[in-house]
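Quick notes on the structure that follows.
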Amino acid sequence: MTDWFAEQLLQWYDQHGRKDLPWHRDPSAYRIWVSEIMLQQTQVTTVIPYFERFMERFPTVEALAAASTDEVMGYWSGLGYYARARNLHKAAITVVEEHGGAFPASKDLIQALPGIGRSTAAAIVAQAHGQRAAILDGNAKRVLARYHAVEGWPGRTAVANELWEHAEAHTPDERIQAYTQAIMDLGAMVCTRRRPGCAACPVREGCLAYGRNNPEAYPGSKPKKEKPEKSVWMLVIEDGEGRILLEQRPPSGIWGGLMSFPEADPALQPEELPEHCETALGLETSEPETQEPFRHTFSHYHLWIRPVRLTAISTRALQDDRSRSWLHRESALEAGLPAPIRRLLG
DNA sequence: TAGCCGTGGGA
DNA sequence: TTCCCAAGGCT
């Protein structure tokens, strides 16, 4: 069954929808999967170059499963939300070991893989296999919240449930790939967060928010909270051969498992930093050269990054520690690095 | 359930 | 400059 809403979206999609995105070319389950993970909370224009590089290096799920996590992280470096890459790699190994390399075709099996939730699983089976499944990404949430004038912030379970019901009800039995792309394209191209292009909208006749003349009021916005300010010394330590000291961060928390500069307590005075290097890193260093701090904003707090340059005089007591390594700039840039650290490396 | 997890673009 | 938030999922 195809209701009026879906019919209108499909007709609009045929004329205006996006059909030439990189993952539309050979839309295998593997390629759709990788694209959907990259696109979580990330805009299309940001994803495209990452997707192309990733697919060139890991063209199949077997290639991805066979790679090291470190190399996968290197290809993800700069995209953010690094748990996505870890889960992607873990899931690839599961697909190879438990499903014989064939990406599972059932939505439930797909959703059981790490990093794949209800909406992503639906997007994969709909786009790769043409199975009827409702998605509810940020675009669909905005379109449906406006069309049905659903009040409240979609982060609340009751609001999300209501949107899911609308999503299920509108999803047609036929042309699932087109409809899935259509509702996302409408949200991204017409039913935008600000200044929506209602004049070009194929469903404005039925849209309750349009009828109320306040589409921008939907969906309800997230309750705002104060972001705390944190601060840290970032120790940029270079030895006599132009190598930089990097260490692996703890597996959980911000930039979990990525390589980064050693950090020091911001309560320390700059002149105390060489002693800190001696005790914490077993390093004899020259005088510290502090650089201009800059503020890096995360989802939940601001971090003042205070870079300090030091030159290592001796590099003893480091060979045994697998979590720390001296790397030249070029090889460091191939590792999985957080964006600001990559920037500091220059 | 609410907090956590990145980055870059738009206004 | 500052704030919001984008093809969400996990704990």
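We name chains A, B, ... by the order of the sequence lines, and we start the count at 1 in each one. Every heavy atom of this structure was used, including side-chain atoms; hydrogens, water molecules and symmetry mates were not.
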What protein N or O atoms touch nucleotides 7-11 of chain B N or O atoms at under 3.5 angstrom, if any, and at what distances?
residue: B/dT7; atom: OP1; partner: A/Tyr82; partner atom: OH; Å: 2.8
residue: B/dT7; atom: OP1; partner: A/Ala339; partner atom: N; Å: 2.7
residue: B/dT7; atom: OP2; partner: A/Trp255; partner atom: NE1; Å: 3.1
residue: B/dT7; atom: OP2; partner: A/His296; partner atom: NE2; Å: 3.1
residue: B/dG8; atom: OP2; partner: A/Arg343; partner atom: NH2; Å: 3.2

- Roughly how far apart, to the nearest Å, are B/dC4 and C/dA7 at atom P? 24 Å

- Query: Looking at A/Glu151 and A/Arg212, does any basic side-chain N land under 4.0 Å from a carboxylate oxygen?
  - Reply: yes

- Give A/Gly253 one of three labels, base, sugar-phosphate or nothing, depending on what nucleic acid heavy atoms sit under 4.0 Å from its own. sugar-phosphate

- What orientation do A/Trp23 and A/Phe51 show, parallel under 30°, tilted 30 to 60°, or perpendicular over 60°? perpendicular

- Query: Between A/Arg86 (CZ) and B/dC5 (P), how many Å, whole number?
  - Reply: 14 Å

- Euclidean distance for P, C/dC4 against B/dG3 (whole angstrom): 15 Å

- Message: Counting only side-chain heavy atoms from C-beta out, which of B/dC5, C/dG8, C/dC3 sits nearest to A/Gln40?
- Response: C/dG8

- Item | Gap between atoms CE and C1', on A/Met73 and B/dC5 respectively (whole Å) | 12 Å

- Take A/Leu39 and A/Leu113, find for each the nucleotide of DNA chain C with the closest heavy atom, and name the residue whose nucleotide sits nearer the 5' end. A/Leu39

- Query: When we call it a touch if two heavy atoms are under 4.0 Å apart, what does A/Arg342 touch: a base, just sugar-phosphate, or nothing?
  - Reply: nothing

- Message: Parallel, tilted or perpendicular: which one describes the rings of A/Tyr30 and A/Trp33, with boundaries at 30° and 60°?
- Response: perpendicular

- Note on the structure: Residues in residues 214-233 of chain A with a heavy atom under 4.0 Å of DNA chain C, by number, are A/Ser221, A/Lys224

- P atoms of C/dT1 and B/dG6, separation to the nearest Å: 25 Å

- Message: To the nearest 0.5 Å, what is the distance between NE2 on A/His99 and CD1 on A/Ile110?
- Response: 9.0 Å

- Item | Interface with DNA chain B, restricted to residues 162-184 of chain A and to heavy atoms under 4.0 Å | none

- To the nearest angstrom, the NE2-C1' distance between A/His302 and B/dC5 comes to 16 Å

- Just say parallel, tilted or perpendicular for the rings of A/Phe54 and A/Tyr75, cut-offs at 30° and 60°. perpendicular

- Just call it for A/Trp76: base, sugar-phosphate, or nothing, with non-hydrogen atoms closer than 4.0 Å on any strand. nothing

- Message: Just by distance, no angles: are the side chains of A/Glu174 and A/Tyr179 close enough, under 3.5 Å, to form a donor-acceptor pair?
- Response: no

- Task: Remember a base hit wins even if backbone is also touched, and classify A/Leu303 as base, sugar-phosphate or nothing at under 4.0 Å, heavy atoms.
- Result: nothing

